[in-house]
Amino acid sequence: MLEVLGLASLDELIDQAVPTAIRLKRSLKLGAGQSEAGLLAALKQIASQNQVFRSYIGMGYHHCITPPVIQRNILENPGWYTQYTPYQPEISQGRLEALLNFQTMVMDLTGMEIANASMLDEGTAAAEAMTLSYGQHKGEANIFWVSAACHPQTIDVVRTRARPLGIEVVIGDHRTFEFDQPIFGALLQYPATDGAIYDYQDFIDRAHSAGALVTVAADLLSLTLLKPPGEFGADIVVGNTQRFGVSLGYGGPHAAFFATKEAYKRQLPGRLVGVSKDAFGRPALRLALQTREQHIRRDKATSNICTAQVLLAIMASMYAVYHGPTGLKRIADRIHTLTATLATGLKQQGYTLGSEPYFDTLRVEVGDRQTEILERAKTNQINLRAIGTAAIGIALDETTTEPDLTDLLQIFSTSATSCKGESQFAPTSPLPTSHSSPLPPHSSLLRTSPYLTHPVFNIYHSETELLRYIHRLQTKDLSLTTAMIPLGSCTMKLNATSEMLPVTWPEFAQIHPFAPLEQTRGYQVLFQQLEDWLAEITGFDAISLQPNAGSQGEYAGLLVIRQYHADRGESHRNICLIPESAHGTNPASAVMAGMKVVAVACDADGNIDIADLKAKAEKHQDNLAALMVTYPSTHGVFEEGILEICQIVHDHGGQVYMDGANMNAQVGLCRPADFGADVCHLNLHKTFCIPHGGGGPGMGPIGVKSHLAPFLPGHAVISPTPLSSEQANGNSPLPDSPTGAISAAPWGSSSILPISWMYIALMGASGLTKATQVAILNANYIARRLEGHYPVLYKGKNGLVAHECIIDLRQFKKSVGIEAEDVAKRLIDYGFHPPTMSWPVAGTVMVEPTESESKQELDRFCEAMIAIREEIREIESGQVDPKNNLLKHAPHSASSLLTDSWDRPYSRERAAYPTQWTRENKFWAAVDRIDNAYGDRNLVCSCLPMDAYE
Ligand SMILES: *Cc1c(COP(=O)(O)O)cnc(C)c1O
């Protein structure tokens with residue numbers, strides 16, 4: 001490959017591709033790479049320092065049972081977890097169907113008209129509900145009223161989001177609020193955080209009269225028994241689907257949901273799957289409306305969400321498919337009955353319950369016995385929730401058994417003597433057999449409406465059927481198990497199996513996010529090591545692992561910059577310079593952080609136009625907050641001017657935010673902090689091997705220089721910064737972060753961090769550097785091989801690209817009407833996932849091979865691209881009709897080719913088997929080209945009746 005490039009060594013390639021001025025002059029201080037087996041053993045040692053307690057803490061997180069058929073065939077299956085976001089719907093029909101099921105499940109259970117798929121967590125979903133309500137409000141009100149009965153982490157995230165937008169958050173009691181302040185929206189929790197179920201009808205009616213929208217944060221499982229919020233007037237319903245078969249994972253990843261009224265469909269954050277039709281009129285799914293790539297609307301986007309927990313949403317939807325309406329209700333009934341039994345037992349012991357009626361969570365008034373009871377619980381490896389200083393919360397779940405109840409009653413029993421050292425109580429007295437029903441049978445709080453009536457929730461209840469359904473959907477989707485996914489900027493690299501194994505270890509998976517820190521020492525060791533390594537790789541002084549995606553890292557980083565300016569008495573600094581070529585999440589995040597976006601031009605080579613940058617930095621110097629810059633640039637080039645660019649921003653009082661999505665081109669070669677960035681996010685699901693999961697999970701930790709460290713995100717329940725022993729023991733208050741929480745869990749999606757830990761430890765310093773070198777080699781090899789066939793846009797000084805290259809297809813539109821989309825769809829016939837389309841330059845494709853692909857695979861891809869060029873040439877030469885040809889009709893599904901009549905001017909054989917390898921391993925698109933516009937005009941976002949497919 002080096003020969004093709006006319007180079008003698010990898011080092012020579014890197015010397016020519018990466019500007020000398022920014023090169024790291026030493027190797028990373030990370031030690032040598034290690035073996036898979038050895039590291040798994042070492043990680044097991046770390047994991048064993050976590051203590052897996054039974055947690056009845058609740059607060060939106062519950063133990064649950066992941067049906068093994070879902071665990072093995074989705075969560076642990078690369079056919080699902082290595083998929084990309086479904087932007088190419090013809091090869092994504094499987095996950096789109098699962099996501100449509102998710103939306104239908106959420107709509108049915110909440111009683112709402114439309115639901116998205118999906119959100120990062122409940123806290124951010126509630127915050128997005130606040131901004132939607134704010135946007136809809138016609139009056140002057142800027143108060144968002146939040147019930148004190150909401151989960152504290154939700155309140156924390158909402159507060160963080162409100163501050164930069166000038167929204168005032170008022171916390172209160174819905175029973176006493178007089179609507180004497182002008183509010184634009186309100187947030188309620190159902191059931192409340194302490195378990196109480198309130199009738200919110202009156203409050204909602206009054207809120208509506210006051211012109212406010214009401215959001216209800218609801219527990220999805222409880223809605224199988226309780227009247228859904230849509231039936232008592234909620235405008236928005238948010239929540240988490242974690243307990244639908246997704247492990248606690250010490251905070252994540254889990255999929256949250258957002259459901260609302262049809263009227264707000266265009267303001268919906270995140271993504272929405274809708275039904276459309278393909279070229280033959282058959283139903284076909286795709287991302288609908290603005291949500292296809294919502295953030296491409298830049299500062300006009302309704303949210304910055306890109307990566308959004310797809311794999312976890314799919315798991316939750318399959319949990320509902322498996323159990324069906326009857327099964328879900330049975331689970332909820334059983335939990336509720338156990339809770340009622342526990343309540344009866346506690347009352348018999350003389351306790352007062354502070355929450356009735358309830359579903360699965362009790363608030364027990366314990367007076368001055370709180371510490372004693374909590375300690376007794378811990379001795380028995382049980383976590384309960386301290387509420388205030390005189391109450392304890394107990395939330396039961398799907399895994400709770402009768403012996404668990406016996407243990408709980410023993411812990412609360414006044415007669416029990418100290419039982420240190422015992423892991424389990426002997427059941428001394430039988431459980432109470434009768435209980436007063438806390439949910440009276442005719443209560444207005446009970447659910448009477450049906451849900452999950454669609455066949456999909458009623459026919460896959462046996463493992464045999466579900467296994468085949470999961471597999472059937474999987475085979476419709478192209479993942480890394482089929483071929484390379486050459487998506488520029490997305491870094492679809494290998495997600496090694498040994499990196500994935502620890503995710504489902506119970507020591508990582510079965511831990512409640514608010515478990516006491518002394519039980520999570522293993523996680524603390526893992527976090528600390530990962531933070532140290534990421535700091536060494538980027539050059540930064542401090543890392544926050546809280547953001548759940550790159551977009552969240554951007555938002556967190558900009559908030560940190562905002563706080564820094566405010567701390568220096570410069571809170572007027574609110575101008576954010578963003579190059580025109582930036583990823584759409586950049587401007588969307590800046591707006592959320594309360595900043596004003598000023599675009600900076602790019603020059604003809606795709607680099608930041610330094611003269612324009614200078615002019616704008618000068619013009620706005622009094623109010624300059626930050627520059628957001630991607631490096632290497634979104635055009636895939638190591639810009640020579642990066643040092644000067646950072647200097648210009650600093651000279652004018654701004655901070656440099658670096659979008660680290662392209663870090664795969666930097667690791668071991670250069671470091672953002674060394675050449676001028678003050679803060680940077682890392683997409684762990686790109687550079688550091690967390691799989692994309694079909695559009696999430698992800699992690700977007702940020703690194704900052706020391707002057708920004710005091711402003712890193714905090715958390716209202718558990719502090720994510722290292723604590724003194726006094727703080728860790730709860731004897732002194734947690735450190736205060738002026739920024740607040742940006743995720744519901746203190747370390748975001750903790751349970752997938754072992755993936756990045758494994759990757760870095762496996763590779764070691766030299767392995768990571770070599771990977772970067774090979775990623776750059778692979779991109780340059782592709783660029784060189786395709787050069788004679790297509791123009792390759794944007795190169796650095798020595799004619800080299802960085803880790804990706806842009807292939808120009810615009811000339812074909814002019815000459816023969818062939819568009820980038822036609823080439824992309826034809827690549828599907830050749831068995832490849834199309835590259836990134838029309839970004840950052842319309843009419844082009846951007847190819848990023850990563851270091852994981854072999855020369856054979858790169859050659860196969862190049863041969864496909866070259867063969868497609870020949871197909872275009874046949875149109876150019878007049879041999880082939882420009883409207884009726886292999887490209888315009890691509891992709892070709894089996895059912896469109898295997899027909900008795902065929903009237904197209906090319907052979908079916910050529911359509912399906914353009915190369916030898918397609919004969920050996922044909923990946924069939926499940927549908928033909930999808931009509932996006934039709935689906936937007938006729939929006940359908942829930943499961944279709946079965947006969948629609950006939
Ligand atoms: C992927 C990407 C993002 C967004 O990251 P998510 O993790 O998807 O939120 C931002 N900027 C660039 C350049 C990207 O490629």
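Just so it is clear, the structure is predicted and the values come from calculations on it, not from any experiment.
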Flag, side chain of Arg919 to backbone of Tyr913, donor-acceptor distance under 3.5 Å: no
Nearest 0.5 angstrom please: Ile782 CD1 to Leu858 CG, how far? 4.5 Å
Ser92 (side chain) donor-acceptor with Pro86 (main chain) under 3.5 angstrom: no
For Lys493, run the side-chain hydrogen bond (donor to acceptor under 3.5 Å, both in side chains) check against Thr850, Asn664, Thr687 and tell me which one passes. Asn664
Any side-chain heavy atom of Glu90 within less than 4.5 Å of one from Ile930? yes
Enumerate the side-chain hydrogen bond (donor to acceptor under 3.5 Å, both in side chains) contacts for residues 499-510, please, sequence neighbours excluded, ordered by first and then second residue. Lys44-Glu507, Glu76-Thr504
Using every non-hydrogen atom in the two residues, find where Ala549 and Leu120 come nearest and quote the distance to one decimal. CB-CD2, 4.3 Å
Determine whether Met699 and Ser756 make a side-chain contact, defined as any pair of heavy atoms from C-beta on separated by less than 4.5 Å. no
Just verifying a value: how many Å separate Ile114 CD1 and Cys941 SG, rounded to the nearest 0.5 Å? 4.0 Å
Derivation of the side-chain hydrogen bond (donor to acceptor under 3.5 Å, both in side chains) call for Thr915 and Arg860: CA-CA 10 Å; Thr915 61; Arg860 221 166 57 82; over 6 Å; no
Pick from Asn683, Ile755, Asn495: which one makes a side-chain contact (heavy atoms from CB on, under 4.5 Å) with Ile690? Ile755
Give a yes-or-no answer on whether the side chains of Thr585 and Asn304 include a donor-acceptor pair shorter than 3.5 Å. no
Within 45 degrees of the axis of the six-membered ring of Trp80 and under 6.0 Å from its centre: does Arg95 put its NZ or CZ there? no
Determine whether the side chains of Thr491 and Glu848 contain a donor N or O and an acceptor N or O closer than 3.5 Å. yes
Stepwise, does the side-chain contact (heavy atoms from CB on, under 4.5 Å) test hold for Ser118 with Phe102? CA-CA 9 Å; Ser118 43; Phe102 179 89; 3.9 Å; yes
Who pairs with Lys261 by salt bridge (charged side-chain N to carboxylate O under 4.0 Å, His left out), at least two apart in sequence or on another chain? Asp235
We want to know whether Gln474 and Asn77 form a side-chain donor-acceptor pair, criterion being a heavy-atom distance below 3.5 angstrom. yes
Looking at Arg929 and Asp822, is any side-chain nitrogen of the basic one under 4.0 Å from a carboxylate oxygen of the acidic one? yes
If the threshold is 4.0 Å, N to carboxylate O, is there a salt bridge linking Asp931 and Arg937? no
Would you check if Leu473 and Tyr469 make a side-chain contact, meaning some heavy-atom pair closer than 4.5 Å? yes
So do the side chains of Thr482 and Phe832 get within less than 4.5 Å of each other, counting heavy atoms only? no
Would you sort out whether Thr399 and Asp397 count as a side-chain hydrogen bond (donor to acceptor under 3.5 Å, both in side chains), showing the intermediate values? CA-CA 5 Å; Thr399 68; Asp397 59 59; 2.5 Å; yes
Do the ring planes of Tyr84 and His833 sit parallel (below 30°), tilted (30 to 60°) or perpendicular (above 60°)? perpendicular
Salt bridge or not between Asp360 and Arg243? Use side-chain N to carboxylate O under 4.0 Å. yes
His892: which of Tyr906, Phe280, Trp924 passes ring-ring contact (aromatic ring centres under 6.0 Å, His included): Tyr906
Leu487 vs Val847, side-chain contact (heavy atoms from CB on, under 4.5 Å): CA-CA, chis, key distance, verdict: CA-CA 6 Å; Leu487 283 162; Val847 178; over 6 Å; no
What verdict does the side-chain contact (heavy atoms from CB on, under 4.5 Å) test give for Leu478 and Gln83, after you've listed the backbone C-alpha separation in whole Å, the side-chain angles of each residue and the deciding distance to 0.1 Å? CA-CA 7 Å; Leu478 194 146; Gln83 298 167 1; over 6 Å; no
Show your reasoning for whether side-chain contact (heavy atoms from CB on, under 4.5 Å) applies to Val310 and Thr85. CA-CA 8 Å; Val310 166; Thr85 304; over 6 Å; no
In plain terms, say whether Asp829 and Arg826 are close enough for a salt bridge, that is, a side-chain N and a carboxylate O under 4.0 Å apart. yes
Between Glu262 and Lys265, is there a salt bridge with N-O shorter than 4.0 Å? yes
Using a distance-only test with no angle check, is there a side-chain donor-acceptor pair under 3.5 angstrom linking Thr481 and Ser479? yes
Under 30°, 30 to 60°, or over 60°: which ring-plane class applies to His685 and His692, parallel, tilted or perpendicular? perpendicular
Do the side chains of His254 and Asp121 get nearer than 4.5 Å, heavy atoms only? no
